[in-house]
Protein chains: 2
Amino acid sequence: MPSISYHPEVAADSKPLRADAARNRANLLAAATEVFAARGLDAPLEQIARRAGVSIGTLYAHFPSREAFVDAIFPERLAVLDRIAERSLADPDPWSGFVGFLEGLFALQSEDHGLNDAVARRLPNAREVAEVCHRGGLHAERIVARAKASGQLRADFELGDLATLTWAMSQVIRESMDTAPNAWRRCLAFLTDGLRAEAARTPAGS
Amino acid sequence: MPSISYHPEVAADSKPLRADAARNRANLLAAATEVFAARGLDAPLEQIARRAGVSIGTLYAHFPSREAFVDAIFPERLAVLDRIAERSLADPDPWSGFVGFLEGLFALQSEDHGLNDAVARRLPNAREVAEVCHRGGLHAERIVARAKASGQLRADFELGDLATLTWAMSQVIRESMDTAPNAWRRCLAFLTDGLRAEAARTPAGS
DNA sequence: CACGAACCTGAGGGTGCCCTCGATTTCGTA
DNA sequence: TACGAAATCGAGGGCACCCTCAGGTTCGTG
């Protein structure tokens, strides 16, 4: 349960930070957000420190690992997923809810190299992110079940296929984001058209 | 233009190699093939040298760059693509030819991490590979055109979408190859079902 | 078999990134 | 303002990989 806030003024965990420390922490988070967005999750940490106007030592004092950054930055942004899922479940048409969920997820990923990596990659030590993804999975389960029950989503679609689709789309997004930011939509259109029950011709074996 | 043979006994280019050099070169190629297959194109070259029973210096004497390896190894294996394309064009049913081409391509990629990387990645300095891919593209153009002309492939599918699909599938293959070697087939089934003209519901915008 | 050319070796310098830790500065309080 | 705790700094050691080159070895021919 995320009791940690990285907004220093609200810091609930342990001692409050000294003023300079709080400022640096905030700068680091902002810098990390920008750098990850531009270069992906594997960007050198020293670049983040430089952009934050802080030494590499200070960076490590605040965030002992790359995953600590990830965990501090992305859960908040990924919280949108809950909204998207709720909206999808609220959609009177289960199919358009399902498609809307996928579109929302991938649109989110396509905004930001870092976010795209965070969603598509296994990050065992980023607990907060894992937690958000788990929540997303629970929502997805209901969305998928509803679309299947309505007879619109093909019956041989399984929950695990969502992970596969995410891998697939994450790569499309990664490769095209900087040159053709909407290319992934074409791919998704093909895919979702193939996921309709009435389109199912090729049985998906296990 | 591939006048170079990396089978020393047939070496046509320039001077013939000394016996030990020829042996080493063959060992290096075998080692590189194995290592690339297991670890992908970014595997450390020193690992290849070690497996070939040769020093790193010797490796560089034979293959001055990683791309030289790629160019020496993969064109031969990618030549299968020509066969696959021919078989697809020979198929009386344009649609099943089209699908067969995709299946053949991805099945090839799924055999080998290195091959998967070679197909999915831009390798500007691997001329031989680029050449093979270019040939593949020409074949693909006819296969796509035929499938579209027959009214079976959706009309808004474009040649460039093939590259996108390749990116997508390469990632699925990469992530699942070692744990679920056939997972990509499910994904491809969804995709191809969505590529049929009669399945087209969501227009693919540019 | 002896000699030179061809070939091989591996230590070592370069790069880029990771992360630590003792010295130094800054903050906030008394 | 002066003091100690808190925070910062950045040089530097590690690591993994890249690539080179001077010196030793092997081949194959005369």
Side-chain angles (χ1 to χ4, degrees), chain A residues 4 6-9 11 13-32 35-36 38-72 113-114 117 121 123-126, chain B residues 6 8-9 11 13-32 35-36 38-72 113-114 117 121 123-126:
Chain A
I4 305 152
Y6 291 90
H7 293 279
E9 54 280 23
D13 239 23
S14 66
K15 327 266 163 114
L17 291 172
R18 227 169 67 175
D20 54 346
R23 201 177 339 113
N24 284 336
R25 174 174 220 109
N27 287 344
L28 278 166
L29 280 175
V35 171
F36 284 156
R39 314 237 187 258
L41 280 196
D42 292 325
L45 296 182
E46 320 206 341
Q47 205 165 318
I48 294 175
R50 205 179 326 129
R51 177 172 297 226
V54 136
S55 90
I56 185 67
T58 300
L59 181 149
Y60 277 96
H62 284 285
F63 301 95
S65 72
R66 172 175 252 101
E67 266 119 354
F69 272 112
V70 171
D71 243 12
H113 279 274
D117 287 351
R121 206 176 287 189
L123 298 165
N125 299 331
Chain B
Y6 290 89
E9 56 278 24
D13 238 25
S14 67
K15 328 267 163 111
L17 291 173
R18 226 170 68 176
D20 54 347
R23 200 175 342 111
N24 284 339
R25 175 173 219 110
N27 287 344
L28 278 167
L29 279 176
V35 171
F36 284 156
R39 314 235 186 259
L41 279 196
D42 291 326
L45 296 182
E46 320 204 340
Q47 203 165 318
I48 294 175
R50 206 179 325 132
R51 176 171 297 226
V54 136
S55 89
I56 185 67
T58 300
L59 181 149
Y60 276 97
H62 284 286
F63 301 96
S65 71
R66 171 176 252 101
E67 266 118 353
F69 272 112
V70 172
D71 243 11
H113 280 273
D117 287 352
R121 207 177 286 188
L123 299 165
N125 299 330

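Note that the coordinates shown come from a computational prediction; the quantities given were computed from them, not determined experimentally. Just so we're on the same page: letters track the sequence lines, and every chain starts at 1.
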TODO: Might you confirm whether atom CZ of R39(A) has over 12 heavy atoms from other residues, nucleotides or ligands at distances under 6.0 Å?
DONE: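 Not buried by this count: 12 neighbours or fewer within 6.0 Å.
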Task: Where chain A begins and ends its contact with DNA chain C, read 5' to 3' at 4.0 Å from heavy atoms - done: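 Both ends considered, the range comes out as dC17(C) to dG28(C).
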TODO: Would you mind reporting whether D42(A) and R121(A) have side-chain heavy atoms less than 4.5 Å apart?
DONE: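 A side-chain contact under 4.5 Å exists here.
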- [ ] Side-chain contact test, heavy atoms from C-beta onward, threshold under 4.5 Å: evaluate it for F69(A) versus L41(A) and give yes or no.
- [x]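 F69(A) vs L41(A): side chains apart.
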Task: Side-chain N or O of R66(B) closer than 4.0 Å to phosphate OP1/OP2 of dC18(D) - done: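 Looking at the OP1 and OP2 atoms of dC18(D), one of them is under 4.0 Å from a side-chain N or O of R66(B).
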Open item on the list: Between N24(A) and dT8(D), is there a contact of a side-chain N or O with OP1 or OP2 at under 4.0 Å?
Closed with: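 N24(A) to dT8(D) OP1/OP2: side-chain N or O found under 4.0 Å.
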Open item on the list: Keeping N125(B) on the side-chain end and E67(B) on the backbone end, is there a donor-acceptor pair under 3.5 Å?
Closed with: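 Flag not set: sc N125(B) to bb E67(B) has no pair under 3.5 Å.
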Just how far is it from atom [atom1] of [X] to atom [atom2] of [Y], taken to the nearest 0.5 Å?
X: D71(A); Y: L123(A); atom1: CG; atom2: CG; answer: 8.5 Å
X: S55(B); Y: E46(B); atom1: OG; atom2: CD; answer: 10.5 Å
X: R23(A); Y: L17(A); atom1: CZ; atom2: CG; answer: 12.0 Å
X: Q47(A); Y: I56(A); atom1: CD; atom2: CD1; answer: 11.0 Å
X: I48(A); Y: N27(A); atom1: CD1; atom2: CG; answer: 13.0 Å

Task: Per-nucleotide protein contact string for nucleotides 25-30 of chain D, where B marks a base within reach and S marks sugar-phosphate only (heavy atoms under 4.0 Å, - for neither) - done: -BSS--
Task: Rounded distance (Å) that lies between atom C1' of dC18(D) and atom CG of D42(B) - done: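 Checked: the CG to C1' distance equals 13 Å.
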Task: Rounded interatomic separation in angstrom, taking CZ from R50(B) and P from dA16(D) - done: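 Checked: the CZ to P distance equals 11 Å.
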- [ ] Give the minimum heavy-atom separation between N24(A) and T58(A), together with the two atoms involved.
- [x]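 Distance-wise, the nearest heavy atoms are ND2-CG2, 4.3 Å.
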Open item on the list: Any residue in residues 51-61 of chain B with a heavy atom nearer than 4.0 angstrom to DNA chain C? Just list them by number, or reply none.
Closed with: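 Within residues 51-61 of chain B, the residues near DNA chain C are V54(B), S55(B), I56(B), G57(B), T58(B).
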